[in-house]
There are 2 protein chains.
Amino acid sequence: MGQRGEQLQAEMLTIMDQNSGPISAYDLLEKLRSSNAKMAPTTVYRALASLTEQGRIHRLESMNAYVPCQHDHHHQSSILSICDDCGSVEENVAPDVLNQLETVVGENGFSAKRHVIEVHGLCGTCDSEEAVQ
Amino acid sequence: MGQRGEQLQAEMLTIMDQNSGPISAYDLLEKLRSSNAKMAPTTVYRALASLTEQGRIHRLESMNAYVPCQHDHHHQSSILSICDDCGSVEENVAPDVLNQLETVVGENGFSAKRHVIEVHGLCGTCDSEEAVQ
DNA sequence: TTGTGGAATGTTATATTATAACGTAAAGAG
DNA sequence: CTCTTTACGTTATAATATAACATTCCACAA
């Protein structure tokens with residue numbers, strides 16, 4: 001028998017919090033297997049889907065990986081900035097940007113339900129280090 | 001012997017233009033195999049990467065699929081709106097949104113290199129049809 | 001003209017990511 | 001308690017993507 005949902009989700013959040021940066025579903029699975037050797041991918045994906053729906057984690061579509069929510073899951077779409085050097089991810093909430101975005105796509109009558117906004121580049125720290133070299 | 005790069009890329013663009021909506025790498029591969037039965041995934045992925053670099057197609061990160069560029073590859077990041085009902089994709093260019101986005105992530109010193117902006121929802125047509133039902 | 005070095009392409013194999021399908025167990029409603 | 005619904009377990013497989021290395025092409029020098 002496996003763990004029941006909430007306990008599993010809690011354990012997953014702990015792992016993700018301890019992990020510095022995004023983690024893939026299978027890397028997460030591997031860590032979870034230290035406490036439950038038989039855990040299957042399906043179980044992990046289901047829990048990830050649930051956590052995502054709750055707004056407690058975010059999926060990075062451009063990396064097939066997951067990060068904990070940094071702004072206490074208020075369900076609004078976030079802007080995720082991803083450092084391609086050190087892998088760190090920052091989350092920003094900016095209603096103005098979302099509004100502007102909906103205006104732009106709305107010009108064709110499009111009705112937005114879900115936003116994927118991911119910015120790749122260099123975080124402040126890594127950008128400074130690049131400049132030095 | 002397979003086809004040389006440019007010819008392959010041209011054929012891929014033709015297929016993508018004829019296809020109504022995003023196409024996955026493997027669906028594209030299957031179509032290409034009607035003219036070259038031995039084509040391998042690697043070949044397709046390399047050509048897709050090249051076309052993406054040239055700005056002639058866009059990859060939909062949230063769908064693992066590709067669409068032709070609708071604005072004659074000026075390399076600027078686009079806003080892609082994806083209808084979850086009929087699968088159509090529209091491309092918008094909105095420098096204002098990009099600027100605002102860079103300002104937001106720049107507050108932490110982040111230096112943006114690449115934007116992934118994908119909006120899921122219903123296109124004007126499908127949204128109207130929903131309302132009727 | 002030939003050879004040689006580098007880049008693009010071909011080829012094989014495999015890694016990584018994700019879901020389908022179906023049986024079983026748990027927990028709340030009545 | 002028992003039914004029904006939802007979550008969970010399990011097995012298998014589908015879908016997406018890349019690593020690694022061999023081969024070919026082609027520009028350019030000797």
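Throughout, protein chains are lettered first and strands after them, A, B, ... in sequence-line order, and every chain is numbered starting at 1. As the structure is a prediction and not an experimental result, all values here were calculated from the model.
- At whole-Å resolution of the value, NZ in K38(B) and P in dT24(D) are 13 Å apart.
- Between the CD atom of E6(B) and the P atom of dA7(C) there is a distance of 18 Å, given to the nearest Å.
- L51(A) places its CG atom 14 Å from the C1' atom of dA7(D), with the value rounded to the nearest Å.
- Phosphate proximity of dT16(D) to N64(A): absent, as no side-chain N or O sits under 4.0 Å from OP1 or OP2.
- At dT9(C), none of the side-chain N or O atoms of T43(B) fall inside 4.0 Å of OP1 or OP2 (strictly under the cut-off).
- One can place CG of L8(A) at 8 Å from P of dC8(D), the figure rounded to the nearest angstrom.
- Only one option out of L13(B), I23(B), V67(B) pairs with I57(B) in a side chain to side chain contact (heavy atoms under 4.5 Å, CB included); it is L13(B).
- The CG atom of L29(B) sits 14 Å away from the P atom of dT12(C) (whole-angstrom rounding).
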Hey, what are the protein-to-nucleotides 13-15 of chain C N/O distances that come in under 3.5 Å?
none

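- Toward the 5′ end of DNA chain D lies the nearest nucleotide of A40(A), the other residue of the pair Y66(B) and A40(A) mapping further downstream.
- In this structure, Y45(A) does not reach the dT19(C) phosphate: none of its side-chain N or O atoms is under 4.0 Å from OP1 or OP2.
- An OP1 or OP2 oxygen of dA17(D) is reached within less than 4.0 angstrom by a side-chain nitrogen or oxygen of R59(B).
- For the pair E11(B) CD and dT9(C) C1', the computed distance is 16 Å after rounding to whole Å.
- Note that the OG atom of S77(A) and the NZ atom of K113(A) stand 12.5 Å from one another [nearest 0.5 Å].
- E61(B) has its CD atom 12 Å from the C1' atom of dA17(D), to the nearest Å.
- Side chain of S50(B) to main chain of R46(B): no donor-acceptor pair is present (N/O by atom type, distance under 3.5 Å, no hydrogens or angles).
- Residues passing the side-chain contact (heavy atoms from CB on, under 4.5 Å) test with T14(B), sequence neighbours excluded: Q18(B).
- The salt bridge (charged side-chain N to carboxylate O under 4.0 Å, His left out) search around E90(A) returns none, not counting sequence neighbours.
- Atom CZ of R46(B) and atom P of dA19(D) are 11 Å apart (whole Å).
- When all heavy atoms are compared, the tightest approach of Q70(B) to V89(B) is NE2-O, 2.9 Å.
- In plain terms, the two heavy atoms of S62(B) and E61(A) that are nearest each other are CA-OE1, 3.6 Å.
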